[in-house]
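Note that the coordinates shown come from a computational prediction; the quantities given were computed from them, not determined experimentally. Heavy-atom basis, side chains included; hydrogens, waters and symmetry copies ignored.
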Amino acid sequence: INLADTFAFTGTVTGAGGVNTPAFMASVTSDQTINHNTATKIAFANEVFDTDTTYDASTNYRWTPGVVGYYAIGAGGWFYQSGGDLGSMELYIYKNGSDIVFPMYENKNNVLRRFWMHTSLVIYVGSTSDYYEVFATHNTSGSATAKWSGSGNNAKFRNYFYGYKLIT
């Protein structure tokens with residue numbers, strides 16, 4: 001068998017491959033206050049990229065992919081409390097107003113000043129109107145506020161919210 005003859009390219013290939021869009025990534029550039037024991041939406045207002053203009057970086061800070069399919073979605077960032085009494089932290093991804101995943105860290109000694117947290121999942125988006133948001137909450141021993149640490153103007157991301165369509 002001559003493989004060159006068997007697999008000779010004679011035209012345009014169609015139906016192969018795919019694209020991972022829509023896709024976006026956003027970050028927070030300035031510290032955001034998170035009140036004690038209060039679920040707070042993280043205002044990811046810095047749009048790093050948004051392939052199909054499906055992320056709202058100005059009012060709702062939510063992603064509405066608008067295309068049915070499987071997606072990878074994730075968020076991560078720093079909790080910061082200058083007094084060092086972070087007791088517990090939770091980072092939520094919401095779908096259509098309800099949490100669908102959240103990691104939780106509970107610190108029994110209340111001596112943490114900073115704590116990094118990340119969550120991600122693969123999910124089926126079944127409706128073109130499904131939307132996704134990120135919320136965070138924390139508890140401190142003295143009911144103090146904490147911060148979601150901003151990335152500033154440097155190229156190192158201290159936080160992020162992202163999503164992209166999987167090729168299936």
Side-chain angles (χ1 to χ4, degrees), residues 7 9 11-35 38-81 86 88-106 112 114-138 146-168:
F7 297 104
F9 181 73
T12 303
V13 175
T14 60
V19 294
N20 291 99
T21 58
F24 85 100
M25 181 178 163
S27 69
V28 175
T29 56
S30 302
D31 289 354
Q32 180 179 343
T33 299
I34 302 172
N35 291 322
T38 304
T40 303
K41 185 189 290 193
I42 304 300
F44 290 97
N46 178 43
E47 203 171 63
V48 179
F49 65 86
D50 184 1
T51 63
D52 296 61
T53 62
T54 54
Y55 181 71
D56 177 358
S58 61
T59 56
N60 291 315
Y61 311 108
R62 66 172 59 157
W63 185 44
T64 308
V67 178
V68 172
Y70 290 94
Y71 288 81
I73 300 172
W78 285 102
F79 286 87
Y80 172 73
Q81 208 290 322
L86 283 171
S88 66
M89 287 114 339
E90 297 171 351
L91 181 62
Y92 300 86
I93 295 179
Y94 277 41
K95 175 182 179 180
N96 301 333
S98 298
D99 64 278
I100 54 173
V101 65
F102 70 96
M104 177 184 171
Y105 178 79
E106 186 173 17
L112 287 175
R114 293 184 187 273
F115 188 78
W116 169 262
M117 198 169 247
H118 172 83
T119 187
S120 63
L121 73 153
V122 172
I123 190 166
Y124 181 73
V125 174
S127 170
T128 58
S129 62
D130 286 347
Y131 64 91
Y132 301 87
E133 306 161 294
V134 176
F135 285 77
T137 189
H138 78 92
K147 303 280 186 195
W148 182 259
S149 187
S151 292
N153 293 322
N154 59 37
K156 296 178 182 176
F157 291 99
R158 291 185 193 145
N159 62 74
Y160 49 80
F161 177 26
Y162 68 87
Y164 58 90
K165 189 171 189 303
L166 298 174
I167 300 170
T168 55

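- Residue N46 holds its CG atom at 8.5 Å from CE of M25, rounded to the nearest 0.5 Å.
- Residues in residues 62-77 take part in these salt bridge (charged side-chain N to carboxylate O under 4.0 Å, His left out) pairs, two or more places apart or across chains: R62-E133.
- Under the 4.5 Å side-chain criterion, counting only non-hydrogen atoms from C-beta, I100 is in contact with L121.
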Stepwise side-chain contact (heavy atoms from CB on, under 4.5 Å) test for S27 and V48: CA-CA 7 Å; S27 69; V48 179; 4.3 Å; yes
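- Note that CZ of F44 is 8.5 Å distant from CZ of F24, once rounded to the nearest 0.5 Å.
- Judged as a ring-ring contact (aromatic ring centres under 6.0 Å, His included), and not counting sequence neighbours, Y61 has no contacts.
- Under the 4.5 Å side-chain criterion, counting only non-hydrogen atoms from C-beta, I123 is in contact with K95.
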Dump the intermediate steps for side-chain contact (heavy atoms from CB on, under 4.5 Å) on N35 and T33, then the final yes or no. CA-CA 6 Å; N35 291 322; T33 299; 3.9 Å; yes
Just distance, no hydrogens or angles: give the donor-acceptor pairs under 3.5 Å from side chains in residues 68-79, sequence neighbours left out.
residue, atom, partner, partner atom, Å
Y71, OH, V67, O, 2.7

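- Under the ring-ring contact (aromatic ring centres under 6.0 Å, His included) criterion, Y80 pairs with no residue, sequence neighbours left out.
- Taking the side chain to side chain contact (heavy atoms under 4.5 Å, CB included) definition, one finds that T40 meets it with Q32, I34, T38, sequence neighbours left out.
- Residues A146 and L86 approach most closely at CB-CD2, 4.0 Å, considering heavy atoms.
- Closest non-hydrogen pair, Y105 versus F115, comes out as CG-CZ, 3.4 Å.
- For Y164, there are no ring-ring contact (aromatic ring centres under 6.0 Å, His included) partners, not counting sequence neighbours.
- Among all heavy-atom pairs drawn from A43 and V28, the shortest one is O-CG2, 3.4 Å.
- When the salt bridge (charged side-chain N to carboxylate O under 4.0 Å, His left out) test is applied to D56, no partner is found at least two apart in sequence or on another chain.
- Contact of the Y132 side chain with the V125 side chain is registered, since non-hydrogen atoms from C-beta on lie closer than 4.5 Å.
- With sequence neighbours left out, S98 forms a side chain to side chain donor-acceptor pair (under 3.5 Å) with no residue at all.
- With sequence neighbours excluded, the residues that form a side chain to side chain donor-acceptor pair (under 3.5 Å) with N96 are D130.
- Minimum heavy-atom separation, L166 to N20: CA-ND2, 3.9 Å.
- Applying the side chain to side chain donor-acceptor pair (under 3.5 Å) criterion to K165, with sequence neighbours excluded, gives no partner residue.
- A pairwise comparison of heavy atoms in Y55 and D50 identifies N-OD2, 3.0 Å as the closest pair.
- Residues P103 and M117 have side chains in contact (heavy-atom distance under 4.5 Å, counting atoms from C-beta outward).
- Here the CD1-OH distance, from I42 to Y92, works out to 12.0 Å after rounding to the nearest 0.5 Å.
- Atoms CD and OG1, on E90 and T119 in that order, are 11.5 Å from each other to the nearest 0.5 Å.
- Counting only residues at least two apart or on different chains, no salt bridge (charged side-chain N to carboxylate O under 4.0 Å, His left out) pair has a member in residues 66-81.
- The closest side-chain heavy-atom distance from T64 to T54 is not below 4.5 Å.
- A distance of 12.5 Å separates CH2 of W148 from CZ of R158, quoted to the nearest 0.5 Å.
- Here the closest non-hydrogen pair linking F135 and A39 is CD2-C, 4.1 Å.
- Residues meeting the side chain to side chain donor-acceptor pair (under 3.5 Å) test with S127, sequence neighbours left out: S129.
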